[in-house]
Amino acid sequence: MAVTLYPNGVSNALVGSLGAEFIAQDPTRVSQFFDDFYTISAATGTTAAVWRALGSTPVAPTIASAQYGRAAFAPVGATDTTYIQLTGNPATAAGSLNTTFFGPSGVAGAVRNDLWFQTSFQVSSASLSVINAGLMLSIGAAADPSAATDGIFFTKASGTTTLTLRAIKTSGGTTNSTAAITLADATDIKVGFHYAAQDNLIYIFVNDLGVGTIVGDNVPTVGLLPLIGHGNNTAARTSSWDYVFAAQSRLTEYSR
């Protein structure tokens with residue numbers, strides 16, 4: 001296979017900036033978080049941890065014996081749920097959530113950030129489970145993420161294999177995608193979105209392919225945090241998560 005070599009690097013930095021002198025892509029363009037789940041620190045209650053386990057009788061996830069690292073979720077009871085949300089500071093008690101990803105700030109003249117989120121996961125029962133994954137405000141320890149008042153997240157109720165993207169701001173104007181995202185039992189699926197601030201659109205991706213957009217009018221103006229997990233229905237279900245990626249742009253000229 002023929003390749004083209006750029007020995008001095010390929011840059012996406014602004015001309016004349018320090019990043020233009022760097023031999024790789026400019027790492028300062030985005031603020032980002034990535035967890036590949038080779039290890040996990042997740043705790044219930046008020047114990048300090050990187051992730052906080054929440055839901056109805058949540059069980060802190062464990063690392064599965066699988067290539068690339070995976071977090072295994074296994075809430076026990078027939079109606080139990082387990083989700084994890086980033087705490088932002090492992091030195092403080094869970095619940096002190098200070099790592100935030102912002103969309104439009106709502107302040108005149110302020111930066112309107114692009115947002116990105118992606119995860120890869122599978123669930124034992126594609127139909128009889130509840131799924132939530134994306135960016136949302138800090139969730140209470142026993143709260144239902146499906147009912148979040150602010151967030152951009154993929155969600156699925158029990159009784160259907162269709163995953164949808166929801167954008168909701170201050171409890172109003174819920175928007176669901178019309179793109180059909182179908183889950184299958186014990187089968188990995190990669191889902192993600194990109195909120196493009198200048199377009200005011202949320203681009204939806206499934207297995208690295210664009211499948212649709214929704215208008216970004218309901219992108220929250222509050223800080224959001226990554227959250228993933230599932231809920232059982234009628235019997236115990238399991239889910240396995242390969243990674244979580246979340247990012248926000250620093251400057252508006254980086255929008256598409």
Side-chain angles (χ1 to χ4, degrees), residues 35 37 39-66 69-88 90 93-97 117 119-166 168 171 174 176 181-189 191 224-244:
D35 196 334
F37 295 125
T39 63
I40 189 169
S41 173
T44 59
T46 59
T47 304
V50 175
W51 293 94
R52 179 186 57 154
L54 54 95
S56 175
T57 318
V59 177
T62 59
I63 296 300
S65 297
R70 299 185 76 99
F73 288 60
V76 178
T79 59
D80 287 351
T81 62
T82 292
Y83 300 95
I84 58 172
Q85 189 168 41
L86 195 65
T87 63
S96 179
L97 307 180
F117 174 86
T119 187
S120 177
F121 73 97
Q122 62 175 262
V123 63
S124 61
S125 175
S127 176
L128 297 177
S129 62
V130 177
I131 295 291
N132 286 288
L135 301 176
M136 61 181 67
L137 81 170
S138 175
I139 298 297
D144 176 11
S146 304
T149 58
D150 289 273
I152 312 171
F153 55 98
F154 294 95
T155 186
K156 185 193 80 66
S158 178
T160 177
T161 59
T162 300
L163 193 71
T164 60
L165 184 72
R166 176 178 297 169
I168 185 167
S171 301
T174 301
N176 288 309
I181 306 172
T182 303
L183 304 182
D185 291 357
T187 302
D188 274 350
I189 187 169
V191 296
L224 307 175
L225 293 144
L227 177 144
I228 59 172
H230 85 272
N232 296 332
N233 184 271
T234 70
R237 321 289 175 189
T238 60
S239 65
S240 173
W241 302 75
D242 187 1
Y243 62 83
V244 172

Find the distance between CG (L227) and OG (S138) and round it off to the nearest 0.5 Å.
10.0 Å
Can you measure from CG (L225) to CG (L135) and round to the nearest 0.5 angstrom?
8.0 Å
Taking N232 for its side chain and P75 for its backbone only, find out whether a donor-acceptor pair lies under 3.5 Å.
yes
Please walk me through it: do F73 and I228 pass side chain to side chain contact (heavy atoms under 4.5 Å, CB included)?
CA-CA 10 Å; F73 288 60; I228 59 172; 4.0 Å; yes
Test V191 against F121 for side chain to side chain contact (heavy atoms under 4.5 Å, CB included), laying out the working first.
CA-CA 9 Å; V191 296; F121 73 97; 4.2 Å; yes
With T160 via side-chain contact (heavy atoms from CB on, under 4.5 Å) - residues at least two apart
K156, T162
Is the backbone N or O of L137 less than 3.5 Å from a side-chain atom of Q85, with the two atoms forming a donor-acceptor pair by type?
yes
Name all residues meeting the side-chain hydrogen bond (donor to acceptor under 3.5 Å, both in side chains) criterion together with S239; count only those two or more places apart in sequence or in a different chain, and write none if there are none.
H230, W241
Ignoring hydrogens, what is the shortest heavy-atom contact between V123 and S129? Give both atom names and the distance.
CG2-OG, 3.6 Å
For P226 versus V244, what's the shortest heavy-atom pair and its separation?
CB-CG1, 4.1 Å
Indicate the atoms forming the closest heavy-atom contact of W51 with L86, along with that distance.
CE3-N, 3.3 Å
Provide the closest heavy-atom pair for T81 versus S56 in the form atom of the first, atom of the second, distance.
OG1-N, 2.7 Å
Could you check I181 against I189 for side chain to side chain contact (heavy atoms under 4.5 Å, CB included), going step by step and ending with a plain yes or no?
CA-CA 9 Å; I181 306 172; I189 187 169; 3.8 Å; yes
List the residues meeting side-chain contact (heavy atoms from CB on, under 4.5 Å) with T79, not counting sequence neighbours, and say none if there are none.
none
Expected output: side-chain T174 to main-chain I168 donor-acceptor under 3.5 Å:
no
Contacts of F154 that satisfy ring pair (Phe, Tyr, Trp, His ring centres under 6.0 Å) - sequence neighbours left out:
none
From CA spacing to verdict: side chain to side chain contact (heavy atoms under 4.5 Å, CB included), T164, T155:
CA-CA 6 Å; T164 60; T155 186; 3.8 Å; yes
Can you list the residues that meet the side-chain hydrogen bond (donor to acceptor under 3.5 Å, both in side chains) rule with T149, with sequence neighbours excluded?
none
CD1 of I84 to CG of D35, rounded to nearest 0.5 Å, is 7.5 Å
Residue list, side-chain hydrogen bond (donor to acceptor under 3.5 Å, both in side chains) with T62, at least two apart or on another chain
none
Measuring from L54:CG to D144:CG, what's the distance to the nearest 0.5 Å?
10.0 Å
Identify the heavy atoms of S146 and R166 that sit nearest to each other, and give their distance.
O-NH1, 2.5 Å
Any side-chain heavy-atom pair of Y83 and P58 under 4.5 Å
no
Sequence-distant partners of N233, side-chain hydrogen bond (donor to acceptor under 3.5 Å, both in side chains), two or more places apart
S158
For residues 69-87, which residue pairs pass the salt bridge (charged side-chain N to carboxylate O under 4.0 Å, His left out) check, not counting sequence neighbours?
R70-D188
What is the minimum heavy-atom distance between A53 and A60, and which atoms define it?
CB-CA, 4.2 Å
Residues passing the side-chain contact (heavy atoms from CB on, under 4.5 Å) test with S124, sequence neighbours excluded, are R237, T238
Between OG of S240 and CZ of F37, what distance do you get to the nearest 0.5 Å?
10.0 Å
Let me confirm one number: the CG-CG distance from L163 to N176, rounded to the nearest 0.5 Å.
10.5 Å
Is the backbone of I139 close enough, under 3.5 Å, to the side chain of R52 for a donor and an acceptor to pair up by distance?
yes
